[in-house]
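Working notes, structure below.
From a predicted model like this one, the values you see are computed outputs, not experimental measurements. Sequence positions, counted from 1, serve as the residue numbers for this chain.
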Amino acid sequence: MVAALAGLGVFSSLWCRTLGMGSERQERMKVLGARLRALRAEAGLSGAALAQGAGVGQPTVSKVENGRMVPSSDVLERLARALLLDEATSREVRELSA
């Protein structure tokens with residue numbers, strides 16, 4: 001199953017790094033997560049609805065929002081699209097993840 005999914009590019013496009021980083025990076029991920037949670041709430045979406053709209057798992061949304069996972073650029077882009085973020089807000093979110 002894993003090999004089949006890997007062959008489809010599922011893991012490469014949705015790959016996320018888990019936290020194993022310095023405290024400064026952890027703090028940035030908490031800030032990113034809080035910002036995404038606030039944007040989700042403003043959009044009136046549940047975590048499950050955001051996950052479905054972005055094509056990611058609900059645990060991924062939860063881990064990102066709680067600062068426990070660093071989203072890949074692809075996942076971050078999917079979340080931004082699902083939240084219908086304008087360019088300025090999308091850029092702000094990308095900068096938080098850098």
Problem - Chi angles and distances behind the side-chain contact (heavy atoms from CB on, under 4.5 Å) call for Leu36, Leu83 - result: CA-CA 9 Å; Leu36 286 172; Leu83 289 167; 4.1 Å; yes
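Minimum heavy-atom separation, Ala82 to Gly53: CB-C, 3.7 Å. Closest approach of Pro71 to Met29, counting heavy atoms only: CD-SD, 4.4 Å. Closest non-hydrogen pair, Ser97 versus Leu76, comes out as OG-CD2, 3.1 Å.
Applying the side chain to side chain contact (heavy atoms under 4.5 Å, CB included) test to Ala88 and every residue at least two apart in sequence or in another chain returns Asp86, Arg91. Shown here are the salt bridge (charged side-chain N to carboxylate O under 4.0 Å, His left out) partners of Glu95, two or more places apart in sequence or in another chain: there are none. Checked against side-chain hydrogen bond (donor to acceptor under 3.5 Å, both in side chains), Ser46 has no partners two or more places apart in sequence or in another chain. Shown here are the salt bridge (charged side-chain N to carboxylate O under 4.0 Å, His left out) partners of Glu92, two or more places apart in sequence or in another chain: Arg35. Under the rule for a salt bridge (charged side-chain N to carboxylate O under 4.0 Å, His left out), the partners of Arg94 that lie at least two apart in sequence or sit in another chain are Glu87.
Two residues are said to be in side-chain contact when any heavy atoms from C-beta on lie closer than 4.5 Å; Ser72 and Val75 meet this criterion. For the pair Asn66/Ser62, a side-chain contact is recorded, criterion being any heavy-atom separation below 4.5 Å from C-beta on.
Hydrophobic clustering of Ile, Leu, Val, Met, Phe, Trp and Tyr side chains at less than 4.5 Å, counting indirect connections, keeps Val93 apart from Leu84.
Residue pairs meeting the salt bridge (charged side-chain N to carboxylate O under 4.0 Å, His left out) criterion with at least one partner in residues 51-66, sequence neighbours excluded, are Arg37-Glu65, Arg40-Glu65.
The line from CZ of Arg25 to CG of Leu32 is 8.5 Å long, rounded to the nearest 0.5 Å.
For Gln52, the CD atom sits in a loose shell: 12 or fewer heavy atoms of surrounding residues, nucleotides or ligands are nearer than 6.0 Å.
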